[in-house]
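Below is one structure, written out as structure tokens; comments come after it.
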Amino acid sequence: MTVRLYDTATRSVVDLPPAPAQVGMYVCGPTVYQRAHIGNAVPFVIFAWLRNWLRERGYDVTYVHNITDINDKIYEVAPGASAERARAATGWYLEDTASFRLEMPDEQPLATETIPEIVALIEELVASCHAYASGGDVYFRVSSFETYGALSGQRPDQVEEQEPSALKEDPRDFALWKATKEGEDTFWESPWGLGRPGWHIECSAMAEKTLGPEFLIHGGGLDLVFPHHENERAQSLAVGRPFAKIWMHNGLLRFVGEKMSKSVGNVATIQEVIAEWGREAALLFLMTGHWHKPLEFSHEAMTAASVQVESLRNALRGETRSKGDWNAFATVLDDDFNTPAALAILHRWAREGALVELQRGLAIFGLGELGDIVEAPAEVAALAQARVEARAARDFAEADRLRDEITRTGWEVRDVPDGFELVPGS
RNA sequence: GGCGACGUGGCCGAGUGGUUAGGCAGAGGCCUGCAAAGCCUCGUACACCAGUUCGAAUCUGGUCGUCGCCUCCA
């Protein structure tokens, strides 16, 4: 079965080349200036899963997830200390994403470590007349690139007018390099003077540095289609790079009907979500929606996800009673990575006791540890044994007292046909 | 104004031109000393209006609504 994925550029589901094949996957990470919210985790998680799945299907995948550590936002939030803030926030992001305990991306380039490549790419754009220097800035000449707008469907003539800039030939032109301004405390040398790169060129350069001029998948949030990805595409194609074959954009997480956004202030950070619900519930929650569609984040949805996690965990404590149809699972994931349909199959396997396949399927999503057995301490086991004896003697008052005592130790006792089972309390 | 996504049962959320999504919540039952865990049963939904069709929630057109983007928000 061919793996198929939805491509924003052609607005259709496209076939991947048959495995085995090289798959380069470049996924835009956040601009780091404060703790990342749970919405920021969506692309990280979705594409980490996709990497796992493509490897399972025999592809040789390289997952690159960049970190934007040069941006206006950082100057705004930490005036005079932008470098320190960027470094700290990069650390937070790495820590937060690591807390999902998914295998980390193969490479996580930083804009600040890609300056020579960025400058070289801008020079190439200038030399080929696709860009021009103006007052210490360098701008991309949108009119020089014929298929501008092909990715997003935006018509350049309809793009909302921004503040006019005397430095630009055309209001649609965008900055590749910006001369350093008063109050900006990080800047680099360049042929155009001291300054810093624009956002879009950072990604063009980081993608090429890590994956080469041509790669299969470029991913990111749906809000990046325009202008960010449109501009990346323009910059790289203008100088002859084939660039990405497939553009994947994940749907945005919504919070009571609204996009989760720092400016609206309706955010829950990755840290907070994991602290409150646990990584398993957070991951399972993200499985409940199709990657391409918006997903509603709510207390209720997280509760439902936690309950599901517990029931899968309980199923894995049982015994293997049947064999699951792995092919059915593969079919739904191959078909545009349909995680909600895959989750439905995992639930069926849990109910039917197809534990081998259940475990294998959960592992793709970083949930393999649900099957880990945790042994209760000997003193708790002794209480449970005492309770078995009390029950045998029909001393139910004592049995119930022992059960309460076990509960107080943080364990839960369950009666099973041949005795008892102790599981960590929830 | 332009571009795009989406509207499914109490809630979340797949899918599909005619055949069970799944989960959560709820009701009843089984199991249990009582619970917990587990199991069984119960819901016939697809914004609205036209059209195409033997048949549409699924295709076409329109309407309404929600949301995203429009130069630096994943």
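Convention: sequence-line order gives letters A, B, ...; per-chain numbering from 1.
- Within 4.0 Å of A:R387, counting heavy atoms only, lies at least one base atom of the nucleic acid.
- Residue A:R394 places its side chain closer to B:G33 than to any other of B:A74, B:A36, B:G33.
- Within the 4.0 angstrom heavy-atom criterion, only backbone atoms of the sugar-phosphate kind lie near A:G29; the bases stay farther away.
- Within the structure, a side-chain polar atom (N or O) of A:T31 is placed less than 4.0 Å from OP1 or OP2 of B:A74.
- For the pair A:Y6 OH and B:G4 P, the computed distance is 10 Å after rounding to whole Å.
- Which of B:A35, B:A74, B:A5 sits closest to the side chain of A:R403 comes down to B:A35.
- Nucleotides B:U8 and B:C3 have their P atoms positioned 25 Å apart, rounded to a whole Å.
- One atom, CG of A:L252, and another, P of B:C69, lie 7 Å apart when rounded to the nearest Å.
- Nucleotide B:C31 forms no Watson-Crick or G-U wobble pair with any nucleotide shown, as no partner meets the under 3.5 Å limit on both distances.
- Residues A:Y26 and A:I217 fail the side-chain proximity criterion, which asks for heavy atoms closer than 4.5 Å.
- When heavy atoms are screened at a 4.0 angstrom cut-off, A:V225 is found touching no nucleic acid atom at all.
- Spacing between atom CD of A:E202 and atom C1' of B:U71 amounts to 14 Å, rounded to whole angstrom units.
- Ion pairing between a basic and an acidic side chain is recognised when a charged N comes within 4.0 Å of a carboxylate O; A:D7 and A:K245 show no such pairing.
- B:U63 is paired with B:A47 under the Watson-Crick or G-U wobble criterion, all donor-acceptor distances under 3.5 Å.
- Taking atom P in both B:G33 and B:U41, one finds a spacing of 24 Å when rounded to whole Å.
- Between the CD atom of A:Q308 and the P atom of B:G38 there is a distance of 12 Å, given to the nearest Å.
- In the interface, the side chain of A:R317 is not paired with the base of B:A37 through any donor and acceptor atom under 3.5 Å apart.
- For A:N40 and A:Y93, the side-chain atoms include no donor-acceptor pair closer than 3.5 Å.
- Map A:R391 and A:W199 each onto its nearest nucleotide of RNA chain B; the residue landing nearer the 5' end is A:R391.
- In summary, A:D335 and A:R4 engage in a salt bridge, as defined by a charged side-chain N under 4.0 Å from a carboxylate O.
- In this structure, the nucleotide among B:G33, B:G68, B:G2 sitting nearest to the side chain of A:D400 is B:G33.
- The P atoms of B:C6 and B:U16 are separated by 13 Å, rounded to the nearest whole Å.
- Using a 4.0 Å heavy-atom criterion, one finds that A:H228 contacts no nucleic acid atom at all.
- Counting to the nearest Å, the C1' atom of B:A74 and the OH atom of A:Y93 are 8 Å from each other.
- At whole-Å resolution of the value, CG in A:L284 and P in B:G22 are 16 Å apart.
- Pair assignment for B:C69: B:G2, on the basis of Watson-Crick or G-U wobble contacts that are both within less than 3.5 Å.
- Counting any heavy atom pair closer than 4.0 Å across all strands shown, A:D415 reaches a base atom.
- Distance check on atom C1': B:G7 versus B:U58 gives 14 Å, rounded to whole Å.
- Using a 4.0 Å heavy-atom cutoff across all strands shown, A:L295 reaches sugar-phosphate atoms only and no base atom.
- Note on A:R351: only backbone sugar-phosphate atoms sit closer than 4.0 angstrom, heavy atoms only; bases stay farther off.
- Under the Watson-Crick and G-U wobble criteria, each requiring two contacts below 3.5 Å, nucleotide B:U53 is left unpaired.
- Nucleotides B:G43 and B:C11 are separated by 14 Å at their C1' atoms, to the nearest Å.
- For A:I345 and A:E352, each mapped to the nucleotide of RNA chain B holding its nearest heavy atom, the one lying further toward the 5' end belongs to A:I345.
- Look at A:K293 and you'll find a side-chain N or O under 4.0 angstrom from OP1 or OP2 of B:G7.
- Atom-to-atom, NE2 of A:H290 to C1' of B:G23 comes out at 18 Å; the value is rounded to the nearest Å.
- Comment: A:E352 does not engage A:R321 in a salt bridge, judged by the lack of any side-chain N to carboxylate O separation of less than 4.0 angstrom.
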(request) Check the pair A:T68, A:W199 against side-chain contact (heavy atoms from CB on, under 4.5 Å), reporting the backbone distance first and the verdict last. (result) CA-CA 8 Å; A:T68 302; A:W199 180 33; 3.8 Å; yes

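- An OP1 or OP2 oxygen of B:G38 is reached within less than 4.0 angstrom by a side-chain nitrogen or oxygen of A:N314.
- When the P atom is used for both B:U32 and B:G9, the distance is 39 Å, rounded to whole Å.
- When distances are taken from the side chain of A:P340 to each of B:C3, B:A21, B:A74, the shortest belongs to B:A21.
- Between the side chain of A:N338 and the base of B:G15 there is no donor-acceptor pair of N/O atoms closer than 3.5 Å.
- In this pair, A:F243 and A:H218 present their aromatic rings tilted. The plane angle is within the 30 to 60° band.
- The partner of B:C42 is B:G26, by the rule that a Watson-Crick or G-U pair needs both atom distances under 3.5 Å.
- Within 4.0 Å of A:S311, counting heavy atoms only, lie sugar-phosphate atoms of the nucleic acid but no base atom.
- Per the geometry, CG belonging to A:N250 stands 13 Å off C1' belonging to B:C73, to the nearest Å.
- Taking the charged nitrogens against the carboxylate oxygens, A:R360 and A:E357 have no contact shorter than 4.0 Å, which rules out a salt bridge.
- Using a 4.0 Å heavy-atom criterion, one finds that A:A344 contacts the bases of the nucleic acid, with or without backbone contacts as well.
- Comparing the same atom, C1', in B:G22 and in B:C31 gives a spacing of 25 Å after rounding to whole Å.
- Closest to the side chain of A:R11, from the set B:C12, B:G68, B:G4, is B:G4.
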